[in-house]
Enquirer: 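So that we are looking at the same thing, I have put the structure below in structure tokens.
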Amino acid sequence: QVQLVESGGGSVQAGGSLRLSCAAAGYAYSRNCMAWFRQAPGRAREGVAAIYGPSSSVPYYADSVKGRFTISKDDAQNTLYLQMNSLKPEDSAMYYCAADFGSREICGGTWALNGRYTSWGQGTQVTVSS
């Protein structure tokens, strides 16, 4: 069982930045779709960004974060990142790392579907104050 461990969450003021990290224990990132999701209280979990290995592939973003967030991978360090800039209070949520280790299919049109991912991290909290 591959374990995903997120880190980097915290509390910032609006306009600030955070970088989330997701390390995979027991697996080397390869040709799998990796993603970040978030869930605010009372709301459904939503896809934020996704990327397909290798790390040079074109990423996917939710419209709400385009231009502010950047997803990336460090294959040598086996780590997935989410750089979040210009944070807004509505970005406050628990952020989860997810990986589709069940296939080698590109992220494509299903990148934001919870059900395609086989492994999830425990989540890291991001709180943005106005």
Side-chain angles (χ1 to χ4, degrees):
Q1 181 76 18
V2 179
Q3 186 175 14
L4 302 177
V5 180
E6 303 101 333
S7 60
S11 297
V12 295
Q13 289 190 327
S17 298
L18 285 173
R19 188 175 81 155
L20 306 183
S21 300
C22 174
Y27 191 87
Y29 289 166
S30 182
R31 295 188 179 276
N32 303 101
C33 181
M34 308 282 300
W36 288 97
F37 282 74
R38 66 186 181 186
Q39 186 170 22
R43 301 189 65 177
R45 187 176 297 184
E46 62 176 358
V48 175
I51 191 168
Y52 178 74
S55 58
S56 59
S57 64
V58 176
Y60 301 79
Y61 295 100
D63 288 342
S64 59
V65 305
K66 282 180 181 177
R68 300 188 298 121
F69 290 11
T70 302
I71 188 171
S72 62
K73 292 170 58 185
D74 184 331
D75 292 334
Q77 296 296 322
N78 221 30
T79 302
L80 180 73
Y81 298 101
L82 183 68
Q83 177 67 44
M84 305 185 295
N85 298 328
S86 302
L87 282 162
K88 304 175 181 180
E90 52 263 44
D91 293 319
S92 297
M94 186 71 78
Y95 282 71
Y96 298 91
C97 171
D100 178 6
F101 292 135
S103 76
R104 293 186 180 275
E105 296 183 4
I106 62 172
C107 297
T110 62
W111 75 268
L113 296 180
N114 288 257
R116 78 162 286 171
Y117 296 94
T118 58
S119 295
W120 293 82
Q122 82 289 350
T124 186
Q125 180 68 40
V126 172
T127 302
V128 185
S129 58
S130 57

Enquirer: Please examine the side chains of S103 and R116, heavy atoms only from C-beta on, and report whether any two atoms are closer than 4.5 Å.
Expert: yes
Enquirer: Would the F101 and Y117 ring centres measure less than 6.0 Å apart?
Expert: no
Enquirer: More than 12 heavy atoms of other residues, nucleotides or ligands under 6.0 Å from CD of E46: is that the case?
Expert: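 More than 12 heavy atoms, drawn from other residues, nucleotides or ligands, come within 6.0 Å of this atom.
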Enquirer: Could you go step by step and tell me if D100 and W111 meet the side-chain contact (heavy atoms from CB on, under 4.5 Å) rule?
Expert: CA-CA 10 Å; D100 178 6; W111 75 268; over 6 Å; no
Enquirer: Output the distance between atom OH (Y61) and atom CH2 (W36), rounded to the nearest 0.5 Å.
Expert: 12.5 Å
Enquirer: Taking all non-hydrogen atoms of both residues, which atom of I71 and which atom of P59 are closest, and how far apart?
Expert: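 Heavy atoms only, the tightest pair is CG2-CB, 3.5 Å.
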Enquirer: Kindly determine whether S17 and N85 satisfy side-chain hydrogen bond (donor to acceptor under 3.5 Å, both in side chains), including the steps that lead there.
Expert: CA-CA 4 Å; S17 298; N85 298 328; 2.9 Å; yes
Enquirer: Without swapping roles, check the side chain of T127 against the backbone of S11 for a donor-acceptor pair under 3.5 Å.
Expert: no
Enquirer: Might you point out which heavy atoms bring M34 and A99 nearest each other, and give the distance in Å?
Expert: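 Shortest heavy-atom separation between M34 and A99 comes out as SD-CB, 3.4 Å.
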Enquirer: Would R38 pass as a cation-pi partner of Y96, given that its NZ or CZ must be under 6.0 Å from the six-membered ring centre and within 45 degrees of the axis?
Expert: no
Enquirer: In Å and rounded to the nearest 0.5 Å, what is the OG to CD distance from S129 to Q13?
Expert: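 It comes to 5.0 Å.
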Enquirer: By the definition side-chain contact (heavy atoms from CB on, under 4.5 Å), identify the one residue from D91, L20, V128, V12 that meets it with M84.
Expert: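 The residue from D91, L20, V128, V12 that satisfies side-chain contact (heavy atoms from CB on, under 4.5 Å) with M84 turns out to be L20.
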Enquirer: Say you draw a straight line from OH of Y81 to CZ of R19; how long is it, rounded to the nearest 0.5 Å?
Expert: 5.0 Å
Enquirer: Hydrophobic cluster membership, with links at side-chain heavy-atom distances under 4.5 Å among I/L/V/M/F/W/Y: are F37 and L87 in one?
Expert: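 No, because F37 and L87 fall into different hydrophobic clusters, even though each may have its own neighbours under 4.5 Å.
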Enquirer: Apply salt bridge (charged side-chain N to carboxylate O under 4.0 Å, His left out) to K66 and D63, showing your working.
Expert: CA-CA 5 Å; K66 282 180 181 177; D63 288 342; 3.1 Å; yes
Enquirer: Which value, rounded to the nearest 0.5 Å, describes the distance between I51 atom CD1 and L80 atom CG?
Expert: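 Nearest 0.5 Å value for the CD1-CG distance: 7.5 Å.
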Enquirer: Considering residues, nucleotides and ligands other than E90, do more than 12 of their heavy atoms fall under 6.0 Å from its CD?
Expert: yes
Enquirer: Could you tell me if R68 and S86 have a donor-acceptor pair between their side chains, going purely by distance under 3.5 Å?
Expert: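 There is no such pair (donor and acceptor under 3.5 Å, judged by atom type) between the side chains of S86 and R68.
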Enquirer: Tell me if a side-chain donor or acceptor on E6 pairs with a main-chain N or O of S21 at a distance below 3.5 Å.
Expert: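 Side chain of E6 to backbone of S21, a donor-acceptor pair under 3.5 Å: no, none is there.
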Enquirer: Search all heavy atoms of A93 against all heavy atoms of A40 and return the closest pair with its distance.
Expert: CB-N, 3.8 Å
Enquirer: In Å and rounded to the nearest 0.5 Å, what is the SG to OH distance from C33 to Y52?
Expert: 9.0 Å
Enquirer: Give me the atom names and distance for the closest heavy-atom approach of A24 to L4.
Expert: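 Minimum heavy-atom separation between A24 and L4: CB-CD2, 3.8 Å.
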Enquirer: Please report the interatomic distance CE(M94) to CD(Q125), rounded to the nearest 0.5 Å.
Expert: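 If we round to the nearest 0.5 Å, M94:CE and Q125:CD are 4.5 Å apart.
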Enquirer: Could you tell me if the side chain of L82 sits less than 4.5 Å from the side chain of V48, heavy atoms only?
Expert: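 Heavy-atom side-chain distance check passes, below 4.5 Å.
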